[in-house]
Amino acid sequence: MSTAASQPSGGPAPRSLIQRLSTLLYTRSRLLLALLLGPPLIWLGLIYLGSLFALLIQSFFYLDGFTGLVVRRFTLATYAQLFTWSNFDIFARTTSMAAAVTVASAILAFPLAYYMARHASPRLKAFLYLAVIMPLWSSYLIRVYSWRLILAKEGILNWVFAELHLSWALDWLLQVPGLEGPSLSYSPVGMFLVFVYVWLPYMILPIQAALERVPRSLLEASGDLGARPGATFRHVTLPLAFPGLVAGSIFTFSLTLGDYIIPSVIGNSSYFIGAVVLSHQGTSGNIPLAAAITVVPIVIMAIYLIIARKLGAFDAL
Amino acid sequence: MRSNARPSDRPPLGLALAALAALLFLHIPFGIILLYTFTTEDAAFTFPPPGLTLQWFGAAWNRLIGTTGSYAACWERGLFPGLYQLFFNLRCQTELWKALGLSLRVASIATAVALVLGTMASAAVYRSQFFGRETVSFLLVLPIALPGIVTGIALRSAMGLMDLPFSFWTIVVGHATFCIVVVYNNVLARFRRTGRSLIEASMDLGANGFQTFRYVVLPTLATALLAGGMLAFALSFDEVIVTTFTAGQQSTLPIWILSQLTRPRDRPVTNVVAVFVVAIMAIPILLAHRLTQESGGTQATGE
């Protein structure tokens with residue numbers, strides 16, 4: 001600060017170019033705003049929105065099956081290819097996985113978020129906060145990979161079940177239709193566990209933030225008015241924390257919807273949206289079809305975001 | 001039990017156990033990888049490990065510098081594989097080195113772009129009310145709020161339309177796009193915390209806009225920029241979903257790791273690399289946390 005006070009020199013005497021420019025920017029604050037906002041907006045507008053627009057355009061082109069080249073002519077034929085039973089299966093599988101992961105993350109995240117917001121001392125809270133964000137920022141691929149070790153047939157989870165004489169329960173689970181697989185690491189159950197593990201911090205943080213904002217006086221008022229702890233939780237805490245939960249769910253849902261790594265590293269090779277998109281654009285070079293498929297999760301997310309906005313999630317972000 | 005719990009109140013046992021369970025769920029997998037770097041078994045993941053060994057650390061080192069071929073020769077000639085080789089991609093490099101070097105170069109440039117654009121956007125949003133301000137923040141979050149494949153295939157579509165070949169720069173552009181928001185969040189939080197009075201005081205004392213920026217704004221932003229930059233670097237360094245669409249045949253470190261996961265050569269080496277990546281990435285994350293802690297900084301990607 002002392003340097004700040006001592007540096008400016010000269011005063012009003014000779015007005016250099018820099019000073020004139022500075023004055024100009026100060027008096028014309030709109031000009032400064034335009035200069036500040038221009039580059040980021042051009043970058044995001046041109047590159048990002050432009051790309052999304054390109055995606056939309058590509059989805060109306062089609063791949064000539066004979067030459068293997070993209071034909072740049074308007075057609076709805078590519079979208080027509082979406083309406084097959086197997087594609088519908090993929091969309092349903094991905095969306096229901098995303099929904100299941102979201103619900104499970106919310107259930108698992110809530111107690112920890114509640115503990116952090118209500119019971120932890122400031123020091124413990126700082127520690128827990130760090131413990132939640134460390135995995136969030138840590139290598140995603142390696143976090144996924146660690147479950148290869150855990151879920152392997154000869155791995156630790158099977159070992160624990162065997163030690164507890166519960167292997168029969170695991171075997172039973174892996175025979176349930178829709179969840180079946182030779183072992184946990186090749187079944188939808190394993191995939192579900194990994195999704196929950198990877199996205200859980202995204203759920204904890206907004207719930208915790210929402211709970212922090214619930215004024216203590218409201219809880220005291222509820223107690224004074226005769227509500228038992230359970231009733232206070234149901235009628236005061238939960239409704240006020242709900243926008244945070246919805247905010248977290250945007251991430252768990254969206255990230256699951258667009259992931260192709262987890263289904264390819266863990267799980268039976270049943271297709272998810274991300275894997276289909278990747279394979280179409282990669283090996284066959286069918287960018288139009290890949291683009292058309294991607295429009296589906298965009299639409300799903302748009303609907304989700306509209307509902308989330310109605311539920312007040314944007315204020316909790 | 002009272003209904004209005006204070007921080008010092010004892011939590012119900014069930015709540016404490018559930019919280020502990022979630023915490024363990026988040027952290028035990030790291031311990032498992034660490035354990036498996038010492039296993040003597042190289043084909044399966046038997047638990048408990050049949051024996052313990054340190055040999056995989058050596059094997060990973062050899063994979064990095066190469067046991068045969070030019071790189072080992074370079075090594076013996078005393079050419080330390082320093083930043084120069086890493087950044088300028090000399091011939092004597094193993095696949096792992098090349099991937100590491102590419103990731104570092106991409107992350108550096110993407111972070112630099114994100115720092116400049118993110119700071120400009122946060123300054124604009126902080127200092128003035130303007131029409132469409134909410135839209136700007138929404139636009140900034142969009143690249144990470146939409147599923148990763150959307151961003152990936154969108155960039156790929158644009159490249160297809162413009163007949164742009166895959167290159168180093170296509171990766172950088174993709175990464176910079178979703179890194180901007182991290183810098184933006186950190187810097188905006190710092191702006192809001194420090195308030196305008198310092199800037200006004202500086203102007204009152206006769207400093208012009210540039211001097212104020214240089215001697216007042218920049219010093220108060222410094223740690224936020226450092227934190228945002230490190231987080232952006234970490235985000236770029238680890239990114240794989242968008243990268244697969246924009247990299248073509250080039251292999252960044254995450255893509256190299258992914259190829260090891262799907263067709264493993266020797267698994268314990270992958271474990272060693274994994275442990276080192278996690279350990280090295282922890283440093284910038286912890287530092288960034290330390291730097292933003294006094295501001296109660298919001299560093300979570302989505303917020």
Side-chain angles (χ1 to χ4, degrees), chain A residues 3-5 7-8 18-19 22 25-26 33 36-37 39-40 43-44 47-48 51-52 54-55 58 108 111-112 115 118-119 121 130-131 135 137-142 145-146 149-150 152 154-156 159 205 219-220 223 229 232 251 254 257-258 265 274 277 281 287 290-291 294 297-298 317, chain B residues 1 3-5 7 11 15 18-19 22-23 26 29 32-33 36 44-47 117 120-121 123-124 128 130 139 143 145 147-150 153-158 160-161 173 177 202 205-211 215-216 234 238 240 254 257-258 261 274 277-278 281 285 289 300 302-303:
Chain A
T3 47
Q7 284 302 327
I18 285 186
Q19 276 173 328
S22 162
L25 288 178
Y26 187 77
L33 180 66
L36 283 176
L37 210 53
W43 183 283
L44 282 164
I47 295 178
Y48 192 66
S51 294
L52 285 176
L55 171 105
Q58 287 272 11
L108 208 55
L112 182 55
Y115 188 90
R118 284 267 170 276
H119 295 288
S121 63
L130 198 58
W137 282 101
S138 174
S139 171
Y140 155 83
L141 266 180
I142 287 162
Y145 169 67
S146 66
L149 313 181
I150 296 169
E154 68 280 6
I156 184 167
W159 178 80
L205 294 173
L219 305 181
E220 282 162 11
T232 303
F251 289 96
S254 159
L257 215 52
V265 176
V277 170
Q281 71 87 31
I287 298 176
T294 312
I298 294 179
L317 270 179
Chain B
M1 192 175 69
S3 59
N4 52 341
L15 177 70
L23 207 60
L26 279 178
I32 305 280
I33 301 189
Y36 275 103
F45 302 125
T46 311
F47 188 90
L117 296 181
M120 291 174 101
S128 35
F130 56 90
L139 186 61
I149 51 154
V150 174
I153 191 70
L155 289 167
R156 180 76 185 81
S157 299
L161 273 189
V173 164
T177 302
S202 157
L205 290 168
N208 67 32
F210 298 102
Q211 287 168 324
Y215 295 109
V216 178
D238 187 45
V240 63
I257 294 175
L258 185 63
L261 302 193
V277 170
V278 168
M281 279 184 68
I285 302 160
H289 178 73
E303 293 178 43

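In the text below, chain A, chain B and the rest are named by the order of the sequence lines, each starting its count at 1.
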Asker: Roughly how far, to the nearest 0.5 Å, is CG of A:Leu141 from CG of B:Leu258?
Answerer: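 One gets 5.5 Å once the value is rounded to the nearest 0.5 Å.
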Asker: Can you tell me which of A:Leu130, A:Val277, A:Leu257 forms the most heavy-atom pairs within a distance under 4.5 Å of chain B?
Answerer: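 Among the listed options, the one with the most contacts to chain B is A:Leu130.
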Asker: Against chain B, label A:Gln58 side chain, backbone, both or neither, depending on which of its atoms sit under 4.5 Å from a heavy atom there.
Answerer: side chain
Asker: Nearest 0.5 Å, please: how far is CD1 in B:Ile153 from CG in A:Leu52?
Answerer: 11.5 Å
Asker: Can you confirm whether B:Val150 sits close enough to A:Ser254 that some side-chain heavy atom of one is under 4.5 Å from a side-chain heavy atom of the other?
Answerer: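 They are not in side-chain contact.
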Asker: Between CD1 of B:Ile33 and OG of A:Ser146, what distance do you get to the nearest 0.5 Å?
Answerer: 4.5 Å
Asker: Of the listed residues (B:Ala234, B:Pro254, B:Ala274, B:Ala158), which shares the most heavy-atom pairs with chain A below a 4.5 Å separation?
Answerer: B:Ala274
Asker: What are the two closest non-hydrogen atoms of A:Leu37 and B:Ala124, and how far apart are they?
Answerer: CD1-CB, 3.4 Å
Asker: Nearest heavy-atom pair of B:Leu26 and A:Ala131: which atoms, and what distance?
Answerer: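 B:Leu26 and A:Ala131 have their closest heavy atoms at CD1-O, 4.5 Å.
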Asker: For A:Gly274 and B:Ile149, work out which heavy atoms get closest and say how close.
Answerer: CA-CD1, 3.8 Å
Asker: Search all heavy atoms of A:Gly258 against all heavy atoms of B:Pro147 and return the closest pair with its distance.
Answerer: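 Reported closest heavy-atom pair: CA-CB, 3.4 Å.
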Asker: Out of A:Ala54, A:Ser51, A:Ala290, return the one with the most heavy atom pairs under 4.5 angstrom to chain B.
Answerer: A:Ser51
Asker: Where is the tightest heavy-atom contact between A:Ser139 and B:Val277, given as atom of each residue plus distance?
Answerer: CB-CG1, 4.1 Å
Asker: Taking every non-hydrogen pair under 4.5 Å, which of A:Trp43, A:Tyr115, A:Tyr140 racks up the most with chain B?
Answerer: A:Trp43
Asker: Out of A:Ile156, A:Thr294, A:Ile150, return the one with the most heavy atom pairs under 4.5 angstrom to chain B.
Answerer: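 The option with the most such pairs is A:Ile156.
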Asker: Where is the tightest heavy-atom contact between B:Met120 and A:Leu36, given as atom of each residue plus distance?
Answerer: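 Between these two residues, the closest heavy atoms are CB-O, 3.2 Å.
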